[in-house]
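So the structure is just underneath, and the comments pick up after that.
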Amino acid sequence: MSGERYSVFSLLRETLRGHSGWKPAWRKAAPQKTYDIVIVGGGGHGLATAYYLARRYGLTRIAVVEKGWIGGGNVGRNTTIVRSNYLLSGNIPFYEQSMKLWEGLEQDLNYNAMVSQRGVLNLLHNDAQRNAAIRRGNAMRLNGVDAELLDREAVRARLPFLDFGNARFPIQGGLLQRRGGTVRHDAVAWGYARAADRLGVDIIENCEVTGIRVHDGRVLGLETTRGFVGARKVGLACAGNSSRVAAMAGLRLPIESHVLQAFVSEGLKPFIDCVVTFGAGHFYVSQSDKGGLVFGGDIDGYNSYAQRGNLPVVEDVLESGMALMPRIGRVRLLRQWGGIMDMSMDGSPIIDRTSVAGLYLNAGWCYGGFKATPASGLCFAHLLARDEPHEVARAYRLDRFGMGAVIDEKGMGAQPNLH
């Protein structure tokens with residue numbers, strides 16, 4: 001285990017020493033021959049699972065195997081938004097649990113994750129959207145989640161730079177969740193990795209899984225580029241690569257992989273003090289602490305495992321941004337990146353056992369992966385430790401597609417790319 005507890009005193013001490021005494025945040029662990037539980041995927045969900053297994057359930061013989069480096073996957077390739085403004089009963093308790101964990105995360109991990117509850121505002125552009133927002137807001141409040149319906153003038157008072165004179169997409173109001181906001185994505189990975197390491201978890205980087213060893217219907221461990229790693233239980237938390245890894249155990253998952261692009265502009269003076277979503281198109285934007293506009297839109301329409309996108313989606317996202325805020329037309333776009341989304345058939349995730357004994361699945365997060373990180377880790381840890389679903393994740397069962405118990409938040413039907 002490495003690292004000391006961060007405090008104002010350690011910061012002052014290292015300031016006087018020229019910051020020469022800081023220790024690595026986590027060990028570069030080598031794989032042991034066997035573990036009680038091995039998590040495949042060193043992203044936010046995998047690291048959070050390992051942390052809660054050690055912290056809340058007292059398990060210590062745990063490893064996280066990551067094919068690359070910590071923070072190199074989806075946890076470092078998103079737009080950092082967190083919220084719990086969901087509609088359906090299968091989703092609201094889960095994402096509210098995640099929001100509550102976000103609110104105490106920095107104290108829990110002893111790490112500055114830059115949690116900023118600046119608010120999330122979903123804009124409304126017609127009567128149908130207002131009615132849908134009223135329904136969503138009521139569902140949220142019935143479940144103890146904050147929600148506030150704003151009229152046109154209240155939105156104008158908060159965001160006067162939006163195009164309120166747009167006849168095609170008139171802004172008629174918005175649904176605001178004040179507790180929503182943003183969190184520094186890299187810091188989430190680093191914070192969970194450091195905290196898990198302090199509890200004895202082995203974090204094994206540059207260790208790609210090449211096979212899953214199964215005998216008589218039970219998992220025995222993992223074949224990796226660093227040798228065989230035995231395990232009593234294996235948890236898959238590998239996002240857009242879930243289908244490929246699960247196929248090593250003979251499983252075919254009800255998900256598809258698509259690329260989701262994100263963008264950041266040059267630095268600007270602060271002018272957006274919350275997260276804003278465009279109701280007339282798929283566009284969402286916030287402003288980083290460095291001043292850059294961070295935004296994204298729809299997934300690319302074709303299946304892909306590449307962490308890059310294509311120009312038609314870039315054009316579509318920028319058109320939506322211009323329709324909402326014409327003044328950004330002269331702002332320069334600095335960079336773009338892509339994450340691999342594991343899109344489920346109903347747009348909701350899966351946290352469940354598989355048909356292979358000892359093999360567990362955490363997948364199908366679609367657009368909601370980053371905001372779900374703490375609750376996903378907690379619920380997956382509960383499942384791995386207790387062999388029963390956590391109370392807020394009972395609806396996320398793998399067989400719901402065969403039972404007809406889908407959780408279709410957007411009401412788009414069984415077509416993954418539409419969610």
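FYI, the numbering just counts along the sequence from 1.
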From [X] atom [atom1] to [Y] atom [atom2], the distance as rounded to the nearest 0.5 Å:
X      : Y      : atom1 : atom2 : answer
Met343 : His258 : CE    : NE2   : 6.5 Å
Asn74  : Asp342 : CG    : CG    : 7.5 Å
Tyr367 : Asn78  : OH    : CG    : 13.5 Å
Leu418 : Asp298 : CG    : CG    : 9.5 Å
Arg56  : Tyr51  : CZ    : OH    : 8.0 Å
Ile340 : Asn303 : CD1   : CG    : 11.5 Å

Between Tyr52 and His390, ring centroids under 6.0 Å: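 No - the distance between ring centres of Tyr52 and His390 does not fall below the 6.0 Å cut-off.
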Full working for side chain to side chain contact (heavy atoms under 4.5 Å, CB included) between Leu324 and Leu123: CA-CA 10 Å; Leu324 182 63; Leu123 297 177; 3.4 Å; yes
Without swapping roles, check the side chain of [X] against the backbone of [Y] for a donor-acceptor pair under 3.5 Å.
X      : Y      : answer
Ser348 : Ile407 : yes
Thr182 : Thr80  : no
Thr225 : Glu208 : yes
Thr354 : Leu359 : yes
Gln97  : Ala375 : no
Arg55  : Ala196 : no
His185 : Thr79  : no
Arg244 : Asn241 : no
Glu14  : Gly21  : yes
Arg130 : Leu149 : no

Stepwise salt bridge (charged side-chain N to carboxylate O under 4.0 Å, His left out) test for Asp146 and Arg178: CA-CA 7 Å; Asp146 62 304; Arg178 294 186 183 274; over 6 Å; no
Evaluation steps, salt bridge (charged side-chain N to carboxylate O under 4.0 Å, His left out), between Asp352 and Arg400: CA-CA 11 Å; Asp352 202 359; Arg400 69 177 184 268; over 6 Å; no
Test log, rule side chain to side chain contact (heavy atoms under 4.5 Å, CB included), inputs Tyr95 and Val145: CA-CA 10 Å; Tyr95 285 98; Val145 183; over 6 Å; no
Any residue meeting side-chain contact (heavy atoms from CB on, under 4.5 Å) with [X], in chain and number order, not counting sequence neighbours:
X      : answer
Gln336 : Gln261, Phe263
Val115 : Glu106, Ala113, Gln117, Val183
Arg213 : Leu220, Glu223, Phe228

Evaluation steps, salt bridge (charged side-chain N to carboxylate O under 4.0 Å, His left out), between Glu103 and Lys100: CA-CA 5 Å; Glu103 290 172 325; Lys100 291 176 179 177; over 6 Å; no
By side-chain hydrogen bond (donor to acceptor under 3.5 Å, both in side chains) - contacts of His215 (at least two apart):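 Per chain and number, His215 pairs via side-chain hydrogen bond (donor to acceptor under 3.5 Å, both in side chains) with no residue.
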Listed partners of Asn417 passing side-chain hydrogen bond (donor to acceptor under 3.5 Å, both in side chains), at least two apart: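 For Asn417, the residues satisfying side-chain hydrogen bond (donor to acceptor under 3.5 Å, both in side chains) (neighbours in sequence not counted) are Gln415.
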If you look at every heavy atom in [X] and [Y], which pair is closest and at what distance?
X      : Y      : result
Gln32  : Arg61  : OE1-NH1, 3.7 Å
Cys274 : Arg158 : CB-NH2, 3.6 Å
Leu175 : Met140 : CD2-SD, 4.4 Å
Leu59  : Ala385 : CD1-CB, 4.2 Å
Gly309 : Asp300 : CA-OD2, 3.3 Å
Pro93  : Asn143 : CG-OD1, 4.4 Å

More than 12 heavy atoms from other groups under 6.0 Å of CG on Leu311: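 Open: at most 12 neighbouring heavy atoms sit under 6.0 Å from CG of Leu311.
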Partner of Tyr360 under side chain to side chain contact (heavy atoms under 4.5 Å, CB included), chosen from Ile351, Leu384, Leu398: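 Per the side chain to side chain contact (heavy atoms under 4.5 Å, CB included) rule, the option paired with Tyr360 is Leu384, out of Ile351, Leu384, Leu398.
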Which atom pairs, donor and acceptor, lie under 3.5 Å between side-chain atoms of residues 247-255 and protein residues at least two apart or in another chain?
none

Report the residues that fulfil ring pair (Phe, Tyr, Trp, His ring centres under 6.0 Å) with [X], sequence neighbours left out, ordered by chain and then residue number.
X      : result
Tyr396 : Phe94
Phe278 : His125, Phe169
Tyr57  : His382

Side chain to side chain donor-acceptor pair (under 3.5 Å) between Tyr6 and Asn112, intermediate numbers included: CA-CA 10 Å; Tyr6 295 149; Asn112 180 15; over 6 Å; no
Side-chain atoms of residues 62-72: list all donor-acceptor pairs with protein atoms under 3.5 Å, sequence neighbours left out, distances to 0.1 Å.
residue	atom	partner	partner atom	Å
Glu66	OE1	Gly42	N	2.7
Glu66	OE2	Gly68	N	3.0

Within-4.5 Å side-chain heavy-atom neighbours: Arg179 and Glu96: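 A side-chain contact under 4.5 Å exists here.
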Qualifying salt bridge (Lys or Arg N to Asp or Glu O under 4.0 Å) pairs, either residue in residues 406-419, two or more places apart: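 Only Arg136-Glu409 qualify under salt bridge (Lys or Arg N to Asp or Glu O under 4.0 Å).
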Stepwise side chain to side chain donor-acceptor pair (under 3.5 Å) check, Ser116 with Arg118: CA-CA 6 Å; Ser116 174; Arg118 60 186 68 183; 3.0 Å; yes
Verdict with reasoning, Met322 to Ile328, per side chain to side chain contact (heavy atoms under 4.5 Å, CB included): CA-CA 7 Å; Met322 285 290 293; Ile328 68 172; 4.2 Å; yes
Side chain to side chain donor-acceptor pair (under 3.5 Å) between Arg135 and Asn138, intermediate numbers included: CA-CA 5 Å; Arg135 181 188 176 203; Asn138 287 338; over 6 Å; no
Qualifying ring-ring contact (aromatic ring centres under 6.0 Å, His included) pairs, either residue in residues 96-119, two or more places apart: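 Every ring-ring contact (aromatic ring centres under 6.0 Å, His included) pair that includes a residue of residues 96-119, provided the two are not neighbours, is Trp102-Phe370.
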